[in-house]
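Following: one structure in structure tokens, then a few remarks.
Computed from a predicted structure; not experimentally measured. For the numbers below, each heavy atom of this structure counts, side chains included, while hydrogens, waters and symmetry mates do not.
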Amino acid sequence: MSEVLIKGGRVIDPESGFDETADVLVADGRVQAIESRPGAIPSSGGLKVIDAEGCIVSPGLIDIHVHFREPDPIHRETIASGSASAINGGFTSVCCMPNTRPPLDHAAMIEFVLHKADLAKGARVFPVGCATKQRQGETVADIGTMARAGAVAFTDDGDPVADAGVLSRVLKTIKATGKCFMQHCQEPTLTRGAVMNAGPLAIKLGLTGWPAIAEEIMIERDIRINRGIGCTYHAQHLSSGDSAAIIRKARAENLPVTGEVTPHHLLLTEDACEGYNTMAKMNPPLRTRRDIDLLKEAVADGTITVLGTDHAPHPAESKDTDFAAASFGIVGLDCALALYIKALIADGVLDWPRMLAMMTINPARIVGLDALGLGSLRTGGIADITVIDPDLPWTIDVNEFASAGRNCPFDGLSVTGRSIATIVGGEIRGMRALDRAAV
Ligand SMILES: [Zn+2]
């Protein structure tokens, strides 16, 4: 395996608080040295040099909410294309959701994902197992055996675990494994037939509205159910600003509750659905300016600690149809970093160290990847590294995505900031602007 020298970048490790201009030497899959004195590491021999001047050198980005679809007879995304998309976007580790067909609800399916990910040689892929058998919400899945096979968390994402009794059993079973439960927070009796945020725009468009309380009451209920159980509980893709207030209160009581946001819920409102734009059809739906403001406030004050993508590729035909019939969701991995820069750094909500914490060590801790040595950047540690040019201007073009999905409402948007190198276990798996590098 070749040696790599990442030279002259701003090295940020949110876990240790390190933030200095330094050279990083990588060999044998590990970080061999982080040296602040310029030229202290000689760039001779067979060393591959990445010129990182003006760039940020971060622990590899981690996204704990992606859909890679495989196996599935309809979807085109695969574990290979999805993990290539992750690398293209600067992500070195992702957690894939179990709502495949068949779903990831037993150990053999977990092993299948790990095997496919191994062959793909893209980002590391950590499977999340179903919370209930066949995602039916009725019988607790074989959580113990899936955990032993390598599942890092459990969820029925795409659907909630709606039944309170089942949820209670799910949380107790997961708690015994030490893993995390991720809830898709949606009270289903309030969202029958719903396709966009409930309100005047839904009425004007003649579409069935999806109220924010469908999310809020499920989080509130789950926190109550989990109070005596104490399982690690993660609320996925928050869309309602008032959900954040519920999580803030729970965290103030030291309950094991975390929350996640996605780029689209920070950048777009329900207005994007005007003209029956199916690219703006999301689950949970895009909401209002007030919700965006409250979610950003919750990111700024540390209530929400994880940035995800909910990367959800769909075949073109499932978006190229009536709004009511179209699929929910968008692809995210190829462009999420630039969108987060736009939503959070350009807007002054976060600085780089705090934003990177929400994309590295914070998500790593929730699913136990920190115990594997992921989510941080330190001498002797695993060399999963993302080099980011924070000033690189580019235009989002879905045709350049490594994902098989093209469904993205940000197509054509001018953005700033991009990963220029993605290194997994010391191996450069993604490299952009090769003229920056000299061998
Ligand atoms: Zn979901």
Side-chain angles (χ1 to χ4, degrees), residues 1 29 60-131 133-135 141-143 145-158 179-180 182 308-315 318 327 329 331-334 336 363-364 367-369 372-374 382 384 386 401-407 422-430:
M1 198 176 284
L61 305 181
I62 296 173
D63 181 2
I64 60 172
H65 191 163
V66 305
H67 297 268
F68 282 175
R69 307 304 190 191
E70 194 176 359
D72 191 299
I74 294 162
H75 283 283
R76 277 161 218 150
E77 190 81 301
T78 59
I79 290 162
S81 63
S83 62
S85 167
I87 291 292
N88 190 37
F91 293 88
T92 55
S93 290
V94 296
C95 297
C96 65
M97 295 297 118
N99 60 336
T100 50
R101 280 174 280 192
L104 311 181
D105 75 343
H106 58 280
M109 295 302 290
I110 300 299
E111 285 157 8
F112 166 82
V113 172
L114 290 170
H115 176 62
K116 287 280 181 179
D118 227 33
L119 295 175
K121 300 216 177 305
R124 300 177 196 269
V125 180
F126 296 93
V128 175
C130 291
K133 282 187 177 160
Q134 294 290 309
R135 299 176 60 250
D142 293 329
I143 281 166
T145 55
M146 280 193 281
R148 283 191 288 281
V152 295
F154 298 92
T155 185
D156 279 352
D157 184 38
K179 306 285 182 195
C180 164
M182 300 174 166
T309 62
D310 194 5
H311 176 86
H314 288 286
S318 75
S327 299
V331 287
L333 285 166
D334 291 88
V367 293
L369 301 188
L372 306 177
L374 305 177
I382 291 172
D384 278 18
T386 304
F401 285 2
S403 168
R406 296 285 174 267
N407 49 306
T422 312
I423 298 170
V424 180
E427 195 180 307
I428 301 173
R429 294 203 172 165

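Looking at S83 and V94, their side chains never come closer than 4.5 Å, going by heavy atoms from C-beta outward. At a threshold of 4.5 Å between non-hydrogen side-chain atoms, the residues F68 and V113 do not count as touching. Side-chain contact between V367 and M182: present, with at least one pair of heavy atoms (C-beta onward) separated by less than 4.5 Å. The shortest side-chain heavy-atom distance between D105 and Q134 falls under the 4.5 Å cut-off. Taking the side chain as every heavy atom from C-beta outward, E111 and P127 never approach each other to under 4.5 Å. Taking the side chain as every heavy atom from C-beta outward, S93 and L369 approach each other to under 4.5 Å. In this structure the side chain of R76 never reaches within 4.5 angstrom of the side chain of P313, judged on heavy atoms. Between K179 and I143 there is no side-chain heavy-atom pair separated by less than 4.5 Å.
Checking D72 against T100 by side-chain atom types alone, no donor-acceptor pair falls below 3.5 Å.
Between I110 atom CD1 and D142 atom CG the span is 11.0 Å, to the nearest 0.5 Å. We find the NE2-CZ distance between H75 and R101 to be 5.0 Å, quoted to the nearest 0.5 Å. Put simply, CG on L333 and CG on N88 are 9.5 Å apart, with the number rounded to the nearest 0.5 Å. If you take CG on N99 and SG on C130, they are separated by 8.0 Å, rounding to the nearest 0.5 Å. Taken from CG in L104 to CD in E70, the straight-line distance is 10.5 Å, to the nearest 0.5 Å. Rounded to the nearest 0.5 angstrom, C96 SG and K116 NZ are separated by 13.0 Å.
Of all the heavy atoms in V331 and S403, the pair that sits closest is CG1-OG, 3.6 Å. Considering all non-hydrogen atoms of both residues, G373 and I382 come closest at O-CB, 4.1 Å. Closest heavy-atom contact between V125 and A117: CB-CB, 3.6 Å. Looking at every heavy atom in both residues, G129 comes nearest to M146 through CA-SD, 3.9 Å. Shown here for M109 and P71, the closest heavy-atom pair between the two residues is CE-CG, 3.6 Å. M97 and V128 get closest at one heavy-atom pair: CE-CG2, 3.9 Å.
Distance alone, capped at 3.5 Å, is enough to place a donor-acceptor pair between the D334 side chain and the A402 backbone. A donor-acceptor pair under 3.5 Å is absent between the side-chain atoms of S327 and the main chain of H314, judged by distance alone. Although no hydrogens or angles enter the test, the distance criterion places a donor-acceptor pair under 3.5 Å between the side chain of D63 and the main chain of T309.
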Legend entry - Verdict with supporting geometry, T422 and T92, side-chain contact (heavy atoms from CB on, under 4.5 Å): CA-CA 7 Å; T422 312; T92 55; 3.6 Å; yes

Legend entry - Step-by-step side-chain contact (heavy atoms from CB on, under 4.5 Å) determination, D384 to R124: CA-CA 10 Å; D384 278 18; R124 300 177 196 269; 2.7 Å; yes

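Ring centers of H67 and H311: at least 6.0 Å apart, outside the cut-off.
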